[in-house]
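Reading through the structure tokens given below for one structure.
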Protein chains: 2
Amino acid sequence: MVTTLSQVAEKAGVSVSVASRSLNGHAKAYRISDATASRVKEAADQLGFRPSQTARSLRLKKTGLVGVVVPDLSNPFFASISQSIALSAEAEGYSVIVADSREQTEHEIRLLHQLEDRQVEALVVCPVGTESKHLQEINKRGTPVVLADRTFPNCNLAQVTSEHRVGAAKATRLLTAQGHRVIGVLQGLPGTLPNEQRLSGHAEALEEIGVAFDPSLTMGNNFTEASGFDSAKKLLVDRPDITAFFAFSTPNAMGALRAAMESSRLVPDDLSIVAFDDCPYADLMSVPLTTVRQDVDRIGQLAAELALRAAVGSTSRKRKRRHDVKTRVIVRNSISSVRHS
Amino acid sequence: MVTTLSQVAEKAGVSVSVASRSLNGHAKAYRISDATASRVKEAADQLGFRPSQTARSLRLKKTGLVGVVVPDLSNPFFASISQSIALSAEAEGYSVIVADSREQTEHEIRLLHQLEDRQVEALVVCPVGTESKHLQEINKRGTPVVLADRTFPNCNLAQVTSEHRVGAAKATRLLTAQGHRVIGVLQGLPGTLPNEQRLSGHAEALEEIGVAFDPSLTMGNNFTEASGFDSAKKLLVDRPDITAFFAFSTPNAMGALRAAMESSRLVPDDLSIVAFDDCPYADLMSVPLTTVRQDVDRIGQLAAELALRAAVGSTSRKRKRRHDVKTRVIVRNSISSVRHS
DNA sequence: ATGAAAGCGCTAACAT
DNA sequence: ATGTTAGCGCTTTCAT
């Protein structure tokens, strides 16, 4: 900081209050003469005056900050969400503090508190873990929090995520329509709502064609490549009758691809794969993945909107608190029909 | 905000100064009795006291904020840089505000000013465009700025980027070693230092084997997929004798891949490709790209370190201001030797 | 049409 | 060992 309002005022020969009002466009509301107002503005320009947002924040009790916490910023999914939040926020004059929880609740909590102390006006968080207590507390304490991606059942926070169940059902039908009946599920983090809903969407689609959901075909403990790889490997030996995989994330799918290679199963000829979530260049992969794409931009945008609205304190409590954004099937070339022998 | 220091003080039956000091670990420095100190802490706990960082910032003239501005947060390269900056900053108790300039100088400037007004203690920016004046001004005005990735020649700001020249030379040698002599260059944004240095590294490697650099083989105007695609297409018809491409970015390479497909040139058999910069799952691409990988994490980490050091105002001006981090060749399978007819 | 002054929540002299 | 107070830079009543 280098120039303060009082210096501007002095240079313009007015009081700080007049200076403040002139600079904030309250000139006419306070009947400040045009001459004075422009004199102030000129002084400000000459001095290169930039108002201290910190002082402003303190006085106004409004920081213009929104906090975003994601589990892994280098993951394109979260990077895109962060981006669309940032873009929406910037358009409204807000700035975004992003924090990376490295997939650990412990960090998430620490960062959340840090952001609370910085008096962000709202928080959008893609939570790790399966507990929402700390989030609810923050919300209760006064900082509105909106959940994105990983949401929680019976939790009254604002939430935006994909239509996991219907998306998963679509994905499964892509497989069953080609005759697949023994489908391995490479799941993400059990207990999280996206995971459970995808599971149930999968079971639903299976039921439609009269096949029972077999829990022993589901494996995995995270949305990571490692989990996808390990699960696929195991499943491939345990259940040699598997003809297709439904991977719950892009990394899960990549793991499956590697496992298939190591097990000399050709995709899609010997093994079909469908993945939830898309990724850049998926069409240029050695096997172009057929996916159910989430509308990441929309998720971010919606989350930002809810957050900003809450920040502004729009007391109109009529806003929808849960948003489930539609998914879209992207057909490429990782599914073939099962050969009936 | 809900509880203030004075409330804590009142509840503990002490003055605000004692409260402040107890809570900030200055207890013994001020010879505050253990009894008092713990009484204060207890009161704070009970009230759920969280000190206002805003007030603190104003008083201390230290916000604990560092600003990061990147051209495109959804680009894995910048996402990773942001992540490693965030991680480094968080480790030091700083928070980072990220801003996305959408590849436009105009936005970059606006965001930069916004961050300046928020009194970030340092700025790390991956600048768009080819002008550094506004950045130098900010630095002069008091907010230390460090440049990452896109740096500028004769600019006295702290800068960290890759060893573009030597990296590009390595890449080119990968090609020439396989007998390639007519190499199309899919360049990024002309005028930027990374671009120019890669160009010169390329020319250098060519010279080593006695082939002259032919400017008509270079094409492109950005680090985007579109630029890579268009340039590759054009080059492929203009110069049918081209046997290899050197793409200056992953997106450029992806564009080339598509162009090759459309022109029915098989990679690597009919056409070799080497790319500067790596990307996730590059090994699972339909053609596994041989690349010269930048050490993104190191770049981010170094940038954060320089920024934080400057923020703290370490007056030891002996710190190196330019860092060029090493690149690494990742050999995969997008290069074959040229068939001599 | 303009100014004086209080105060946002905190820290750090400067008293005792 | 603890309390009083000034003040960070700003906005906004309340006077005039």
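Given the structure is predicted, the values throughout are model-derived calculations rather than measurements. Proteins get letters first, then strands, A, B, ... in listed order; numbering begins at 1 in each.
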**Study point:** Whole-Å gap separating C1' (dG9(C)) and CZ (R118(A))
**Key:** 16 Å
Practice item. Confirm from the modelled atom types if R21(A) and dG3(C) form a donor-acceptor pair under 3.5 Å, side chain to base only. Key: yes
**Study point:** Salt-bridge criterion met for E106(A) and R110(A) (N-O under 4.0 Å)
**Key:** no
Point to revise | Among dC10(D), dC10(C), dT2(C), the nucleotide that comes nearest once only the side chain of F49(A) is considered | key: dC10(D)
Exercise for review: Rounded off to whole Å, could you give me the CD-to-C1' distance for the E10(B) and dT4(D) pair?
Suggested key: 16 Å
**Study point:** Nearest-Å distance for atom pair NE2/C1', residues H26(B) and dA12(C)
**Key:** 9 Å
Review point. Rounded to the Å, how far apart are R56(B) CZ and dC8(C) P?
Key: 19 Å
Review point. Between the main-chain N or O of R150(B) and the side-chain N or O of T192(B), is there a donor-acceptor pair closer than 3.5 Å?
Key: no
Check your understanding: In whole angstrom, what separates N24(B)'s CG from dT2(D)'s P?
Key -> 16 Å
Revision key, fill the gap. When rounded to whole Å, the CD to P distance for the pair Q119(A) and dG9(C) reads 9 Å
Practice item. Looking only at non-hydrogen atoms, find the nearest pair between A19(A) and L5(A) and report the distance. Key: CB-CD1, 3.9 Å
Check your understanding: The side chain of L58(B) lies closest to which of these nucleotides: dA1(D), dA5(C), dG9(D)?
Key -> dG9(D)
**Study point:** Distance test, side-chain N/O of S33(B) to OP1/OP2 of dT2(D), below 4.0 Å
**Key:** yes
Review point. OP1 or OP2 of dG9(D) less than 4.0 angstrom from a side-chain nitrogen or oxygen of S6(A), does that happen here?
Key: no
Point to revise | Residue S17(A), side-chain heavy atoms: nucleotide from dC8(C), dC10(C), dA5(C) that is nearest | key: dA5(C)
Practice item. Show your reasoning for whether side chain to side chain donor-acceptor pair (under 3.5 Å) applies to Q83(A) and D297(A). Key: CA-CA 8 Å; Q83(A) 179 184 46; D297(A) 286 342; over 6 Å; no
Revision key, fill the gap. Looking only at dG3(C), dT4(D), dC10(C), the nucleotide nearest the S15(B) side chain is dT4(D)
**Study point:** R50(B) with E116(A): basic N within carboxylate O range, under 4.0 Å
**Key:** no
Review point. Could you give the CG-to-P distance, from D34(A) to dA1(C), as a whole number of Å?
Key: 10 Å
Check your understanding: So what does T36(B) touch, heavy atoms closer than 4.0 Å: a base, only the sugar-phosphate, or nothing?
Key -> sugar-phosphate
Study note, to complete from the structure: Quick note, A55(A) side chain, CB onward, closest among dC10(D), dT12(D), dT2(D) is dC10(D)
Review point. Between dG9(D) atom C1' and D117(B) atom CG, what is the distance in whole Å?
Key: 13 Å
Check your understanding: What's the closest nucleotide to the V16(B) side chain, out of dG9(D), dT5(D), dT2(C)?
Key -> dT5(D)
Check your understanding: For dG7(C), does either OP1 or OP2 sit under 4.0 Å from a side-chain N or O belonging to K61(A)?
Key -> no
Point to revise | S52(A) side chain near dG9(D) phosphate (N/O to OP1/OP2, under 4.0 Å) | key: no
**Study point:** Side-chain N,O (K62(A)) to OP1/OP2 (dC8(C)) below 4.0 Å
**Key:** no
Check your understanding: Across the strands shown, which category fits T54(A) at heavy-atom distances under 4.0 angstrom: base, sugar-phosphate, nothing?
Key -> nothing
Check your understanding: Side chains of H134(A) and E108(A): is there a donor and an acceptor less than 3.5 Å apart?
Key -> yes
